[in-house]
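For reference, the structure discussed in these notes is given below.
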Amino acid sequence: MALLFLNRLRSVSIASNHTHFARRSHGQVAWIQFDFGYCSGAAAQPVSEESGVDGMVLGKMDASNAGNGTRVSFKSSLSEIELAKFAAIAETWWDAEGPFKPLHALNPARIAFIRSTLCEHFRKDPDSPRPFEGLKFVDVGCGGGILSEPLARMGATVTGVDAVEKNVTIALLHAESDPATSTIEYCCTTAEKLVEEQRQFDAVIALEVIEHVADPAEFCKSLAALTVPNGATLISTINRSMRAYATAIVAAEYILRWLPKGTHDWLKFLTPEELALILNCASISVKEMAGFVYNPLTGRWALSDDIGVNFIVFGTKRDE
């Protein structure tokens, strides 16, 4: 898989800006070179007019006032269909055997990658129980808070945002039961609203979100706007591969019924190359990438160099 990915990267004939990133493989770091240059709107076209993000989506930026000294605003493109889909199962967020069972199972591997990359980037002690003390994180499309809470327990000042009011209500109620998580700031809002409010964070995290948005390029621009210079951006999603279609849609939604039917649209998935290019055009330099693999015997997910289905990306914002 790693060799295939390298060959695919080499086949991309885009010259100019030079970027590279690493992939973790069984504790080793393999550096991959990727050439970027063409970063116009054609680099990543909107997949469709509908969108949804575990509650949040981002629309197009209104640049009518850009360059004249006024604040740029963002137009939301929330999909009522997607919002209703996630609102219908909002009360099951903390049911480890419910519709969000796959996310609960995936969470330890996601957190392991986040802890490793952010401790290295921010020069924090990975052995500390609260390594993120003094850092501000935002969890975009936070849902019921299953990621926000572990981040808060690791010392981060966490803001969780979601456009589904039921999700935010569930997150608030659950967080209040533990003093370590009661400090989380949950908001029923969108990322573009945070941009308009000129909010910025040391780390911007959007896991299993981008595959639900109308325009991935604009979504990444908003994430970049929320990230401080030299801050971190992390995104996890599903590769647009036939193996992903077979496992993440056919198996997960129709055979095993881990997820409600229609949760994912294969055409909205991004390949690792596409996501890396989109992020580069948004001033985010991809530094590391890893895959997640599922062991059906143990029921657990683990980090891997196999990015054929689920994968996660860590990047830093360039100070331009």
Side-chain angles (χ1 to χ4, degrees), residues 1 24-26 52-55 85-86 88-118 137 139-154 158 160 162 164 167 170-171 174-175 177-178 181 184 205-212 234-241 243-266 269 272 288-314:
M1 176 60 67
R24 291 186 181 272
S25 174
H26 308 296
V53 176
D54 285 358
K85 181 194 303 181
F86 288 101
I89 56 176
E91 294 180 0
T92 66
W93 266 107
W94 288 95
D95 180 359
E97 297 299 320
F100 296 107
K101 178 179 179 179
L103 289 184
H104 282 274
L106 185 58
N107 226 25
R110 302 194 304 183
I111 293 168
F113 181 85
I114 293 170
R115 185 184 185 107
S116 172
T117 54
L118 294 188
F137 293 177
D139 181 7
V140 179
C142 65
I146 65 173
L147 176 67
S148 295
E149 290 198 8
L151 295 175
R153 291 191 181 96
M154 286 188 279
V158 179
D162 201 291
V164 174
N167 287 348
I170 294 298
H174 195 272
S177 64
D178 184 348
T181 59
I184 299 174
I205 305 171
L207 306 190
E208 279 65 56
V209 171
I210 197 169
E211 64 268 25
H212 298 287
L234 294 104
I235 297 176
S236 65
T237 188
I238 305 173
N239 193 345
R240 195 177 65 256
S241 65
R243 186 149 61 96
Y245 181 82
T247 57
I249 295 179
V250 175
E253 296 182 18
Y254 291 88
I255 298 176
L256 300 175
R257 297 185 180 182
W258 284 349
L259 300 168
K261 295 178 182 179
T263 297
H264 293 115
D265 180 348
W266 185 80
F269 293 167
E288 292 192 33
M289 184 180 294
F292 298 113
V293 292
Y294 180 72
N295 186 332
L297 298 179
T298 63
R300 296 180 180 178
W301 291 82
L303 287 169
S304 167
D305 66 344
D306 182 355
I307 55 176
V309 182
N310 297 80
F311 68 98
I312 187 168
V313 170
F314 159 73

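Using cut-offs of 30° and 60° for the angle between ring planes, the Trp93 and Phe100 rings count as parallel. Between Trp94 and His174, the ring-plane angle classifies as parallel under the 30° and 60° cut-offs.
In this structure, Gly299 and Ala105 approach most closely via the heavy-atom pair O-CB, 4.2 Å. Scanning both residues, Cys142 and Ser148, for their nearest heavy atoms gives CB-OG, 3.9 Å. Here the closest heavy-atom approach between residue Pro272 and residue Ile307 is recorded as CG-CD1, 3.7 Å. Residues Asp162 and Gly143 approach most closely at OD2-N, 2.8 Å, considering heavy atoms. Heavy-atom minimum distance, Asn107 versus Ile146: ND2-O, 2.7 Å. Between Asn239 and Phe269 the shortest heavy-atom distance is O-CD1, 3.5 Å.
Atom CD in Glu208 sits 11.0 Å away from atom CD1 in Ile235 (nearest 0.5 Å). Interatomic distance, CD1 of Ile111 versus CD of Glu149, reported as 10.5 Å (0.5 Å rounding). From Phe113, atom CZ reaches atom CG of Leu234 across 6.0 Å, with rounding to the nearest 0.5 Å. Considering CZ of Arg300 and CG of Leu106, their distance stands at 14.0 Å, rounded to 0.5 Å. Here the CH2-OG distance, from Trp266 to Ser241, works out to 8.0 Å after rounding to the nearest 0.5 Å. In this structure, the separation between CH2 on Trp301 and CZ on Arg110 is 10.5 Å, given to the nearest 0.5 Å.
Checking side-chain atoms of Thr181 against main-chain N and O of Ala175 turns up a donor-acceptor pair under 3.5 Å.
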Chi angles and distances behind the side chain to side chain contact (heavy atoms under 4.5 Å, CB included) call for Asp139, Ile184: CA-CA 10 Å; Asp139 181 7; Ile184 299 174; over 6 Å; no

Under the side chain to side chain contact (heavy atoms under 4.5 Å, CB included) criterion, do Phe137 and Leu118 qualify, and how do the steps go? CA-CA 11 Å; Phe137 293 177; Leu118 294 188; 3.7 Å; yes

